[in-house]
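Here the structure is laid out as structure tokens; the discussion comes afterwards.
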Amino acid sequence: MKRLLPSVVPVLAGGLLLAACSTTPISRVNANRALYESWPIEIREAVLDGRAERGMTPEMVRVAKGNPSRIEQRSGSKGQEEVWVYQTGSNMGGTQLSIGGGYGGMNVIGAPGSTGSGVTEVEEVVFVDGVVLISY
């Protein structure tokens with residue numbers, strides 16, 4: 001057990017550091033307090049819950065959800081759409097990470113494109129004419 005502990009501690013510390021770097025709705029609200037307080041109560045509630053709701057502006061969605069993973073343009077039934085894609089999860093291109101599996105404590109199994117056990121969640125926020133049409 002003593003041999004495993006030194007190899008696990010740096011990995012755990014790195015994970016905690018990455019978690020500390022992510023922003024939350026309340027931290028984004030605090031950074032944009034005056035703007036947030038000018039919005040209707042329904043919008044403020046959605047922002048605090050980290051939700052994008054119909055009628056929100058891009059500014060409101062950024063405070064609610066942060067920056068998207070990517071932004072796409074596409075044609076939709078209501079005209080040109082701007083789609084903000086929020087991707088979260090642990091799918092690393094099919095690569096699996098095993099901690100404590102051998103000397104040094106860390107093994108990478110698999111290659112990009114192979115089947116992994118990571119789960120990826122994708123949420124799309126669709127804007128038309130500068131306001132949210134739908135979020136799913």
Side-chain angles (χ1 to χ4, degrees):
M1 186 67 171
K2 286 184 180 182
R3 192 163 228 194
L4 178 64
L5 188 58
S7 63
V8 172
V9 171
V11 172
L12 292 176
L16 290 174
L17 182 61
L18 286 175
C21 292
S22 65
T23 61
T24 62
I26 194 69
S27 67
R28 293 187 297 269
V29 164
N30 286 335
N32 298 281
R33 177 63 62 184
L35 183 61
Y36 168 81
E37 290 179 358
S38 71
W39 297 334
I41 188 70
E42 299 81 22
I43 297 294
R44 290 187 288 183
E45 287 173 357
V47 167
L48 285 177
D49 288 342
R51 294 187 330 262
E53 298 285 333
R54 185 181 185 105
M56 286 178 136
T57 65
E59 195 170 56
M60 293 168 174
V61 174
R62 265 193 220 282
V63 175
K65 304 191 71 49
N67 291 322
S69 303
R70 67 183 182 277
I71 298 175
E72 301 173 353
Q73 302 291 324
R74 66 183 181 207
S75 295
S77 61
K78 304 243 183 214
Q80 191 64 21
E81 299 175 343
E82 181 173 279
V83 182
W84 289 14
V85 180
Y86 290 88
Q87 186 171 339
T88 59
S90 60
N91 188 343
M92 297 168 36
T95 302
Q96 298 175 358
L97 180 64
S98 170
I99 300 173
Y103 289 108
M106 219 166 145
N107 293 327
V108 176
I109 305 166
S114 67
T115 58
S117 61
V119 175
T120 300
E121 262 185 59
V122 176
E123 180 181 354
E124 292 187 351
V125 179
V126 180
F127 293 89
V128 173
D129 296 327
V131 295
V132 173
L133 175 65
I134 190 168
S135 175
Y136 57 94

Under 4.5 Å between side-chain heavy atoms, hopping through other hydrophobics if needed: is there a path connecting [X] to [Y]?
| X | Y | answer |
| --- | --- | --- |
| Val29 | Ile43 | yes |
| Ile71 | Val85 | no |
| Met56 | Ile26 | yes |
| Val122 | Trp84 | no |
| Ile134 | Phe127 | no |

Kindly indicate whether the side chain of [X], heavy atoms from C-beta on, has any atom under 4.5 Å from the side chain of [Y].
| X | Y | value |
| --- | --- | --- |
| Gln80 | Gln73 | yes |
| Tyr36 | Leu48 | yes |
| Pro68 | Gln87 | no |
| Arg74 | Val126 | yes |

- Return the set of residues passing ring pair (Phe, Tyr, Trp, His ring centres under 6.0 Å) with Trp39 (not counting sequence neighbours), or none when no residue passes.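 Result, ring pair (Phe, Tyr, Trp, His ring centres under 6.0 Å) vs Trp39: none returned.
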- Item | Contacts of type ring pair (Phe, Tyr, Trp, His ring centres under 6.0 Å), residue Tyr86, not counting sequence neighbours |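 Residues passing ring pair (Phe, Tyr, Trp, His ring centres under 6.0 Å) with Tyr86: none at all.
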- Non-neighbouring partners of Glu45 that pass salt bridge (Lys or Arg N to Asp or Glu O under 4.0 Å), sequence neighbours left out: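 Partners of Glu45 by the salt bridge (Lys or Arg N to Asp or Glu O under 4.0 Å) criterion come out as none, since no residue qualifies.
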- Query: Of all residues at least two apart in sequence or in a different chain, which pass the salt bridge (Lys or Arg N to Asp or Glu O under 4.0 Å) check with Asp129?
  - Reply: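 Salt bridge (Lys or Arg N to Asp or Glu O under 4.0 Å) check on Asp129 returns nothing, list empty.
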- Task: Enumerate the residue pairs fulfilling side chain to side chain donor-acceptor pair (under 3.5 Å) with a member in residues 46-61, sequence neighbours excluded, ordered by first and then second residue.
- Result: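 As it turns out, the side chain to side chain donor-acceptor pair (under 3.5 Å) pairs with a partner in residues 46-61, which skip direct neighbours, are Asp49-Arg51, Arg51-Glu53.
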- Message: Once rounded to the nearest 0.5 Å, what's the spacing between atom CG of Asn67 and atom CZ of Arg28?
- Response: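 That separation rounds to 8.5 Å.
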- Query: Roughly how far, to the nearest 0.5 Å, is CD of Glu37 from CZ of Arg44?
  - Reply: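 Going from CZ on Arg44 over to CD on Glu37, the span is 7.0 Å.
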Could you pull out the closest heavy-atom pair between [X] and [Y], with the gap in Å?
| X | Y | value |
| --- | --- | --- |
| Lys65 | Ala52 | CD-CB, 4.0 Å |
| Gly50 | Pro25 | CA-CG, 4.0 Å |
| Glu81 | Leu133 | OE2-CD2, 4.4 Å |

- Message: Which residues pass the side chain to side chain donor-acceptor pair (under 3.5 Å) test with Arg33, not counting sequence neighbours?
- Response: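 For Arg33, the residues satisfying side chain to side chain donor-acceptor pair (under 3.5 Å) (neighbours in sequence not counted) are Asn30.
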- Message: We want to know whether Ser135 and Glu123 form a side-chain donor-acceptor pair, criterion being a heavy-atom distance below 3.5 angstrom.
- Response: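 A donor-acceptor contact under 3.5 Å links the two side chains.
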